[in-house]
2 protein chains.
Amino acid sequence: MWFRVNPRLPTPIYQQVVDGFKEAIVKGFVKQGDRIPSVRELATLMTLNHNTVAKAYQQLEREHVFEIIQGRGTFVAEFKPPSDSDRDRRLAKIVEMMQQIYIEGHYVQLSEDDLMSLFRETIRKWETGGKDV
Amino acid sequence: MWFRVNPRLPTPIYQQVVDGFKEAIVKGFVKQGDRIPSVRELATLMTLNHNTVAKAYQQLEREHVFEIIQGRGTFVAEFKPPSDSDRDRRLAKIVEMMQQIYIEGHYVQLSEDDLMSLFRETIRKWETGGKDV
DNA sequence: CCTATTGTACCATAATATGTGGTACACTAT
DNA sequence: ATAGTGTACCACATATTATGGTACAATAGG
């Protein structure tokens with residue numbers, strides 16, 4: 001599979017599945033139109049409950065990352081420019097995370113420039129390296 | 001008060017209090033050594049339960065943001081360079097958030113440079129503007 | 001010494017979120 | 001017809017969150 005799940009983390013399992021797929025897509029492990037394992041398949045592969053997997057798939061569909069076709073299966077959605085409300089919600093979320101980063105950075109004495117450098121480096125390392133596959 | 005709390009958000013109230021104080025400190029509304037309202041005071045002011053406030057204070061103490069003195073009160077901790085483990089934990093958290101930002105940015109078609117600009121702008125606006133006081 | 005205030009530790013209770021396991025149904029493709 | 005899809009239920013257990021109440025040790029100020 002393209003990612004792992006740790007039930008002991010405070011992050012809910014279904015959320016970890018959501019994040020895992022997003023990451024797999026951004027990293028190119030899964031591409032537009034690709035078929036995703038069925039709910040029961042993935043549940044068996046990762047020893048999860050089908051309801052948990054379904055919850056993740058449904059959230060990914062709400063976020064327009066997946067496209068679910070009744071009776072056929074689940075696929076990676078074709079990329080479409082997000083609606084304005086979608087974009088606004090995502091941007092707000094991004095800004096909020098940036099503020100959190102700034103705050104946490106304050107406590108490890110990272111300046112704005114330090115954070116910028118760390119950001120660039122993080123993206124670079126992360127795009128090539130890959131944590132778990 | 002220096003921040004507000006919204007019980008309807010999915011974020012736990014005590015976590016909102018934690019974030020609120022961190023924000024207030026970064027923005028300079030509260031300074032090192034300042035005395036923080038007592039658990040019961042803040043609970044009354046914000047119509048929360050004293051246990052909820054205490055939970056927030058205790059977490060802030062664990063993060064070395066507050067210093068709690070038995071029988072005297074709670075104060076903003078003097079800034080000390082974090083221990084290595086502290087620093088590592090916070091840095092890991094920051095990197096994780098940066099990855100999340102990169103992923104979300106992908107879905108609103110923000111390039112790495114776009115995100116950098118947004119980051120700079122967010123900090124600038126946020127430092128001066130201030131959301132709720 | 002007395003009293004008020006501090007944080008803290010409990011207890012009970014309720015509500016919510018999460019996760020598992022099972023069953024069933026409509027839809028689709030073969 | 002049959003198998004595989006997502007989905008909608010149900011029941012159940014567990015953990016987290018939040019509230020309300022009580023009590024206790026430590027501190028500070030009369």
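Below, chains carry the letters A, B, ... as their sequence lines are ordered, and counting in each starts from 1.
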**Asked** If we ignore angles and hydrogens, is there a donor and acceptor under 3.5 Å between the side chains of E112(A) and Y102(A)?
**Response**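 E112(A) vs Y102(A): no donor-acceptor pair found between side chains.
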Let me know the distance between [atom1] of [X] and [atom2] of [N], rounded to the nearest Å.
{"X": "R40(B)", "N": "dA23(D)", "atom1": "CZ", "atom2": "C1'", "result": "10 Å"}
{"X": "N6(B)", "N": "dT17(D)", "atom1": "CG", "atom2": "P", "result": "17 Å"}
{"X": "L9(B)", "N": "dT17(D)", "atom1": "CG", "atom2": "P", "result": "15 Å"}
{"X": "N49(B)", "N": "dT22(D)", "atom1": "CG", "atom2": "C1'", "result": "13 Å"}

**Request:** For P37(B) and for I13(A), find the nucleotide of DNA chain C with the closest heavy atom, then tell me which residue's nucleotide is more 5'.
**Result:** P37(B)
**Asked** Does the pair E104(B)/K93(A) count as a salt bridge with the N-to-O cut at 4.0 Å?
**Response** yes
I'd like a list of close polar pairs between nucleotides 26-30 of chain D and the protein, N/O only, cut-off under 3.5 Å.
none

**Prompt:** What pair of heavy atoms forms the shortest contact from P82(A) to Q109(B), and how long is it?
**Reply:**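 Answer, listing the atom of P82(A) first, then Q109(B): CD-OE1, 4.5 Å.
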**Asked** After noting the C-alpha distance and the side-chain angles of E63(B) and Q59(B), does the key distance pass the side-chain hydrogen bond (donor to acceptor under 3.5 Å, both in side chains) rule?
**Response** CA-CA 6 Å; E63(B) 299 187 25; Q59(B) 178 167 334; 3.1 Å; yes
**Asked** When all nucleic acid strands are considered with a 4.0 Å heavy-atom cut-off, which category describes E41(A): base, sugar-phosphate, or nothing?
**Response** sugar-phosphate
**Item:** Paired and unpaired positions of DNA chain D as dot-bracket, Watson-Crick or G-U wobble under 3.5 Å, | denoting a partner strand
**Value:** ||||||||||||||||||||||||||||||
Of the listed nucleotides [options], the one nearest the side chain of [X]:
{"X": "T52(A)", "options": "dT17(D), dG19(C), dA9(C)", "value": "dG19(C)"}
{"X": "Y14(A)", "options": "dT8(C), dG6(D), dG19(C)", "value": "dG19(C)"}
{"X": "V39(A)", "options": "dG6(D), dG19(C), dG7(C)", "value": "dG6(D)"}

**Item:** Member of V65(B), V26(B), I36(B), T74(B) meeting the side chain to side chain contact (heavy atoms under 4.5 Å, CB included) criterion with F21(B)
**Value:**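 The single option meeting the side chain to side chain contact (heavy atoms under 4.5 Å, CB included) with F21(B) is I36(B).
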For nucleotides 10-16 of chain C, list the nitrogen or oxygen atoms of the protein found under 3.5 Å from its nitrogen or oxygen atoms, one pair per line.
from: dC10(C); atom 1: N4; to: N51(B); atom 2: OD1; distance (Å): 3.2

